[in-house]
Amino acid sequence: MSDTLLVTGASGYIGSHTCVCLLQAGWHVIAIDNLSNSSPRTIERIQEITGRSVPFHTIDVRDESALTRLLNQENISAAIHFAGLKSVSESVNKPLTYFDNNVNGSITLLKVLHQQGVRKLVFSSSATVYGDPKKVPIQEDASLSATNPYGRSKLFVEQILNDLSQADPEWRIATLRYFNPAGAHESGLLGEDPRGIPNNLMPYIAQVAVGKLPHLSVFGNDYPTTDGTGVRDYIHVMDLAQGHVSALNRLFAKPESFTVNLGTGQGITVLEAVAAFEQACGSHIPIQVAPRRPGDIATCYASADKARELLNWQANKTLDQMVDDHWRWQSHNPNGY
Ligand code: NAD
Ligand code: UFG
């Protein structure tokens, strides 16, 4: 495939890994990011891994004129829209910032794509739109809800995309609901590089393992799960990245919009994740049991059936590969990029 794709949020965690898979599948990529939560070094590393060049532009997706100028110069066939802010706790304190970035940013991008005649989009949504699921594994037709501004921003954009594809069936939109991405590219050159103290489990464990943080606080050990700790569906970021290639292939093959989960279908507890990481790094990860984190749910994992049927995609990597790759990245890059 030699079409050109616009990738927003391309220097971020999932965007950078997805660029590798897109380039290796033969697509051309034009990368944009405002660098609010990432380093431009990711672009150098994508080029190093793939041997392909990636034109990069520092552009905010809310900047309509900069986007228009760029798309006037490039012949784009589709866009993958990763750009956005993703911290649940920050969103509670800065709701307007989150709605502006995530909702207005998406609307601006959609307007410019529309003006330029681009009608194919892949959107990064989240399992957070399922709220506290009534049953697991979670199927795509489960009821939707959100408990914080970040989650609502994803839900609003999903609704906007539904309305858009209803109004103009020429739009082909893939809404991908990610479960919990973890791991890194197997080279150790690309990985997650959170600013400040990580919010999420895997990067937190990794920073304890490398000696930057003293211990992991386990948020609750009295949930109704096998060992009392929270259950999540951790998916290797390279499997997730590959899911985007499959989604794009489907968009180019069939004139339809769709929504799918990208998860493994398997739930892992916090203590199981810690044990796997200890194996990978060969040292003990000290833990302290702490109160439940407000807003956390007990159990969340995907039904992966629809993605398998519709996209012929499934996650292939194991938890051990995920933590091995995460550890390789963290130990080779203890201070990130
Ligand atoms: P990330 O922060 O590493 O990447 C997002 C990128 O978008 C960053 O490089 C940031 O600088 C950029 N960005 C933010 N606002 C922008 C703007 N207005 N204009 C241009 N660039 C902007 O996060 P990620 O983990 O790679 O997440 C990518 C997408 O996937 C996000 O939309 C996120 O909400 C979604 N998602 C992430 C997770 C997760 O756990 N990582 C789970 C579900 C969904
Ligand atoms: N946890 C700890 N200690 C920590 C961090 C997390 O015990 O320091 C526990 C949590 O309580 C939870 C599990 O580890 O049981 C996973 O927590 P994460 O913060 O890594 O992930 P969440 O499932 O809570 O949320 C993440 C993103 C959301 C996104 C969701 C689904 O932060 O934005 O995955 O994709 F919506």
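First listed ligand is number 1; within each ligand, the first listed atom is number 1.
Looking from atom 19 (N) of ligand 1 to the surrounding protein, the closest heavy atom is Val61 N, 3.0 Å. The single protein non-hydrogen atom nearest to atom 31 (C) of ligand 1 is Phe82 O, 3.1 Å, given as residue, atom name and distance. The closest protein non-hydrogen atom to atom 25 (O) of ligand 1 is Lys86 NZ, 2.8 Å. The protein heavy atom nearest to atom 22 (C) of ligand 1 is Asn34 OD1, 3.1 Å. Shortest contact from atom 10 (C) of ligand 2 to any protein heavy atom: Asp296 OD2, 3.3 Å. Protein heavy atom in closest approach to atom 2 (O) of ligand 1: Asn37 ND2, 2.7 Å. In terms of protein heavy-atom proximity, atom 34 (O) of ligand 1 is closest to Tyr150 OH, 2.7 Å. Looking only at protein heavy atoms, the nearest one to atom 36 (F) of ligand 2 is Ser126 OG, 2.7 Å. For atom 4 (O) of ligand 1, the nearest non-hydrogen atom of the protein is Gly12 CA, 3.4 Å. Nearest protein heavy-atom neighbour of atom 30 (O) of ligand 1: Tyr178 CE1, 3.3 Å.
Residue-level proximity to ligand 1 for Asn101 is carried by the side chain, the only part with a heavy atom below 4.0 angstrom. Under 4.0 Å from ligand 2, the heavy atoms of Tyr150 that appear belong solely to its side chain. With a 4.0 Å heavy-atom cut-off, ligand 1 is reached by the backbone of Leu35 but not by any atom from C-beta on. Residue-level proximity to ligand 1 for Ser125 is carried by the backbone, the only part with a heavy atom below 4.0 angstrom. Of the heavy atoms in Asn102, none comes closer than 4.0 Å to ligand 1. Residue Ser87 does not touch ligand 2, judged by heavy-atom distances below 4.0 Å. Both the backbone and the side chain of Asn200 come within 4.0 Å of ligand 2, counting heavy atoms alone. Only the side chain of Arg62 comes within 4.0 Å of ligand 1, judged by heavy-atom distances. Only the side chain of Lys154 comes within 4.0 Å of ligand 1, counting heavy atoms alone; its backbone N, CA, C and O stay farther away.
The shortest heavy-atom distance from Ile59 to ligand 1 is under 4.0 Å. Close to ligand 1: Asp33, with a non-hydrogen atom less than 4.0 angstrom away. At least one heavy atom of Tyr234 sits under 4.0 Å from some atom of ligand 2.
Residue Asn199 has at least one heavy-atom neighbour below 4.0 Å for each of these atoms of ligand 2: 5 (C), 19 (O). Within ligand 2, the atoms closer than 4.0 Å to a non-hydrogen atom of Tyr178 are 35 (O), numbered from 1 in the order shown. For ligand 1, the atoms lying closer than 4.0 Å to a non-hydrogen atom of Ser126 are 43 (C), 44 (C). Listed by number with element, the atoms of ligand 1 under 4.0 Å from a non-hydrogen atom of Pro181 are 39 (C), 40 (O), 41 (N). Atoms of ligand 2 lying under 4.0 Å from any heavy atom of Asn180, numbered from 1 in the order shown and given with element: 21 (O), 22 (P), 23 (O), 26 (C), 31 (C), 34 (O). Each of the following atoms of ligand 2 lies closer than 4.0 Å to a heavy atom of Leu216: 3 (N), 4 (C), 8 (O). Taking a cut-off of under 4.0 Å to the non-hydrogen atoms of Thr128, the atoms of ligand 2 that pass are 36 (F). Here is the list of ligand 1 atoms found below 4.0 Å of a heavy atom in Ser38: 8 (C), 9 (O), 11 (O). Of all the atoms in ligand 2, the ones that sit under 4.0 Å from a non-hydrogen atom of Val218 are 7 (O).
For Gln279, the CD atom is loosely surrounded, since the number of other residues' heavy atoms within 6.0 Å does not exceed 12. Annotation: Lys306, atom NZ; neighbour count of heavy atoms from other residues, nucleotides and ligands within 6.0 Å is above 12.
Between Glu44 and Arg41, at least one side-chain nitrogen of the basic residue sits less than 4.0 Å from a carboxylate oxygen of the acidic one, meeting the salt-bridge criterion. Between Lys86 and Glu192, at least one side-chain nitrogen of the basic residue sits less than 4.0 Å from a carboxylate oxygen of the acidic one, meeting the salt-bridge criterion.
The residue among Arg232, Gln288, Gln207 with a heavy atom at the shortest distance from atom 12 (C) of ligand 2 is Arg232. Ranked by closest heavy atom to atom 14 (C) of ligand 1, the top entry among Gly84, Ala182, Pro40, Ala10 is Gly84.
At a 3.5 angstrom cut-off on N or O pairs, Ile14 counts as close to ligand 1. Looking at ligand 2, you won't find any N or O of Val88 less than 3.5 Å from one of its N or O atoms. Considering backbone and side-chain atoms alike, Tyr13 places an N or O below 3.5 Å from some N or O of ligand 1. Taking only nitrogen or oxygen atoms, main chain and side chain alike, Ala83 does not reach within less than 3.5 Å of ligand 1. Distances between N or O atoms of Leu201 and those of ligand 2 include at least one value under 3.5 Å. The shortest N or O to N or O distance between Ser36 and ligand 1 is under 3.5 Å. Between Phe179 and ligand 2, an N or O atom pair is found at a separation short of 3.5 Å.
With sequence neighbours excluded, the residues that form a salt bridge (Lys or Arg N to Asp or Glu O under 4.0 Å) with Asp222 are Arg292. Looking at residues two or more places apart in sequence or on another chain, you find a salt bridge (Lys or Arg N to Asp or Glu O under 4.0 Å) between Asp168 and Arg119.
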Side chain to side chain contact (heavy atoms under 4.5 Å, CB included) evaluation trace for Phe123 with Leu109:
CA-CA 11 Å; Phe123 174 64; Leu109 175 69; over 6 Å; no

How far apart are the C-alpha atoms of Val157 and Ser125, what are their side-chain angles, what is the distance that settles it, and do they pass the side chain to side chain contact (heavy atoms under 4.5 Å, CB included) test?
CA-CA 8 Å; Val157 176; Ser125 190; over 6 Å; no

Between Tyr337 and Leu190, is a side chain to side chain contact (heavy atoms under 4.5 Å, CB included) present by the stated rule, with each step listed?
CA-CA 9 Å; Tyr337 284 104; Leu190 282 180; 3.4 Å; yes

Does Asn72 form a side chain to side chain contact (heavy atoms under 4.5 Å, CB included) with Gln116? I'd like the steps, not just the answer.
CA-CA 8 Å; Asn72 275 335; Gln116 300 288 330; 3.2 Å; yes

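His244 and Phe82 have tilted rings, their planes meeting at an angle from 30° to 60° on a 0 to 90° scale.
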